[in-house]
Amino acid sequence: MDTKKKHNWLYLFLLILSGEAVFILPFVLARVFRPTVLEVFNLTNLELGTCFSVYGFVAMASYLLGGPIADRFPPRKLIAIALFATALGGLVLAANPSYFVLKVLYGYWGFTTIFLFWAPMIKATRVWGGNTSQGKAFGFLDGGRGLVGASFGALGVFIFSLFIIGAVETASLANRTEAFNYIVWVTSAIIVVIGIIVWFFLKSNSIKEEEIQIQSISTHQIKTVLKIPSIWLLMVIILCAYVGYKITDVFSLYAKEVMLYNEVKSAEIGTLLLFIRPIIGILIGFIADRSKTTLWLIISFILSILGSLLFASGIITPTSTTLFLVSILITVTGVYAVRSLYFATMQEGHIPLVLTGTAVGLISIIGYTPDIFAGPLMGVLLDNSPGELGHQHVFIMLASFSLIGLLASVLFYRLQHKKSANHN
């Protein structure tokens, strides 16, 4: 029994490790080092947002095509290949590509991080959670991914400060570019190592790979999934939650432009958020398994609305550090909690385990469209109204989407409550 338990925890640990490592190059580095990335690659906020948008367009097709593949082949092989392919992109990033090549690179990452990776990761997590621990499984996954992201962020800040000559404010662009390239090289090497470990060790001892695989891919599985009402509500919930998650990208920029922090201090704010994420994920996972997961979705969206309204109100100034940190805490608690829970509701939504990959693919086509529009939209809002006003507009956008997510969560809760009553 002990051997089995250890094996299962290793399985979850590898899912967590790979689940964040694959997104470090396209997203985490840009989140933690946003001001540096803009300078090194000579980008505006809109241009960086456009790179994310290209990623999003490729990801949309990858969600649809990759979902059924996740139901056909073992997760460990698909995940490992995705990690190797993503790390290859790091070689291009470290070569300081032009804006055009950067857009192509983000399109490539849209394929490598989603087509062979996303649905297999969600399916494998659902397998680990079984019938009774879905909240814990997805809470641990997202919280753990947050911890891995924070560790990469902290490592990045350490490497950056190590190679910067003198004070960061006076360091030349060439020096900052070199320091950033070292971060990319180290990150890419770590991703390759994780891929090798996953290939050999990501095996569940509680269920055989064949038991969660279908024999062939057909349109029948797509039609079956689309008839499930909770699928459509999850599309809206994830879309709104993901807008919130994308907006956490601007906190380090907010720290620099509104709170007037330097580049290292603003990067530390970005890293701090990554350390908050695992705490929220793990706590909400335990809590959700002891009550209704959908109820906690509702509470989380309410917190997200409150936090975003604090930022949108304009009451946060460079001298109100405590209010700034409290507002961040409220906002990201809501954002990270929703993110930890939305796939945990698949069990409550009566989505068959064997069709999880297909379901995740279909939900994600709509749910992750913010990859296409959120980056450019935030870029336009920030560039058109420089400084605090642009940030206020971004947080009004967050409050609006959180309200829609709240309404969809209430409908989901009522739908499952009604089904439970009918079963009784």
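Not measured: the values here are computed from a predicted model.
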From CA spacing to verdict: side chain to side chain contact (heavy atoms under 4.5 Å, CB included), S327, L323: CA-CA 6 Å; S327 300; L323 181 60; 4.0 Å; yes

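- A centroid separation of 6.0 Å or more is found between the aromatic rings of Y342 and Y242.
- Aromatic pair F395/F251: centroids less than 6.0 angstrom apart.
- Of the candidates Y63, F373, F52, Y368 forms a ring pair (Phe, Tyr, Trp, His ring centres under 6.0 Å) with just one, namely Y63.
- Put simply, the side chain of Y106 gets close to the backbone of P26: a donor and an acceptor are under 3.5 Å apart.
- A side-chain donor-acceptor contact under 3.5 Å links S18 to the backbone of L15.
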Working for side chain to side chain donor-acceptor pair (under 3.5 Å), residues S252 and R34: CA-CA 7 Å; S252 61; R34 189 178 180 107; over 6 Å; no

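- Of all the heavy atoms in Y261 and S266, the pair that sits closest is CB-N, 4.1 Å.
- Residue F84 places its CZ atom among more than 12 non-hydrogen atoms of other residues, nucleotides or ligands, all under 6.0 Å distant.
- Taking the six-membered ring for Trp and the full ring otherwise, the centers of F111 and F117 sit at least 6.0 Å from each other.
- Taking CD1 of I231 as the reference point, atom CD1 of I351 lies at 3.5 Å (rounded to 0.5 Å).
- Taking the centre of each ring, Y182 and W185 stay at or above the 6.0 Å mark.
- Contacts of T331 classified as side chain to side chain donor-acceptor pair (under 3.5 Å), with partners at least two apart in sequence or in another chain: none.
- The aromatic rings of W9 and F140 lie tilted to each other, with the angle between the two planes from 30° to 60°.
- Atom-to-atom distance recorded for S400:OG and I305:CD1 is 9.5 Å, nearest 0.5 angstrom.
- M121 and G19 make their closest contact through SD-CA, 3.5 Å (heavy atoms, listed as atom of the first residue, atom of the second, distance).
- The main-chain N or O of G49 is never found under 3.5 Å from a side-chain atom of S53 such that the two would form a donor-acceptor pair.
- Distance check, rounded to the nearest 0.5 Å: CG of L303 to OG1 of T333 gives 6.5 Å.
- Between the side chain of D383 and the backbone N or O of L46 there is at least one donor-acceptor pair closer than 3.5 Å.
- Between the R277 side chain and the D142 main chain, a donor and an acceptor come within less than 3.5 Å of each other.
- Not a single donor-acceptor pair under 3.5 Å links the side chain of S320 to the backbone N or O of I316.
- Counting all heavy atoms, side chain and backbone alike, G244 lies closest to L398 at CA-CD1, 3.3 Å.
- Here C240 contributes atom SG and L297 contributes atom CG; the two are 11.5 Å apart, rounded to the nearest 0.5 Å.
- In this structure, Y11 and R76 have side chains that are not in contact, with every pair of non-hydrogen atoms separated by 4.5 Å or more.
- Contact detail for L25 and A87: the closest heavy-atom pair is CD1-CA, 4.2 Å.
- A donor-acceptor pair is defined here as one N or O able to donate and one able to accept, closer than 3.5 Å; no such pair exists between the side chain of N42 and the backbone of S98.
- The backbone N or O of F286 lies less than 3.5 Å from a partner atom in the side chain of R290, making a donor-acceptor pair.
- The two atoms that bring V148 and A21 nearest to each other are CG1-N, 4.5 Å, heavy atoms only.
- Here the shortest heavy-atom pairing between W109 and T86 reads NE1-O, 3.1 Å.
- The distance from the CD atom of E388 to the CE atom of M259 is 9.5 Å, given to the nearest 0.5 Å.
- Screening L415, I298, L233 for a side-chain contact (heavy atoms from CB on, under 4.5 Å) with V410, the sole residue that qualifies is I298.
- Note that the CG atom of L382 and the CG atom of L389 stand 10.0 Å from one another [nearest 0.5 Å].
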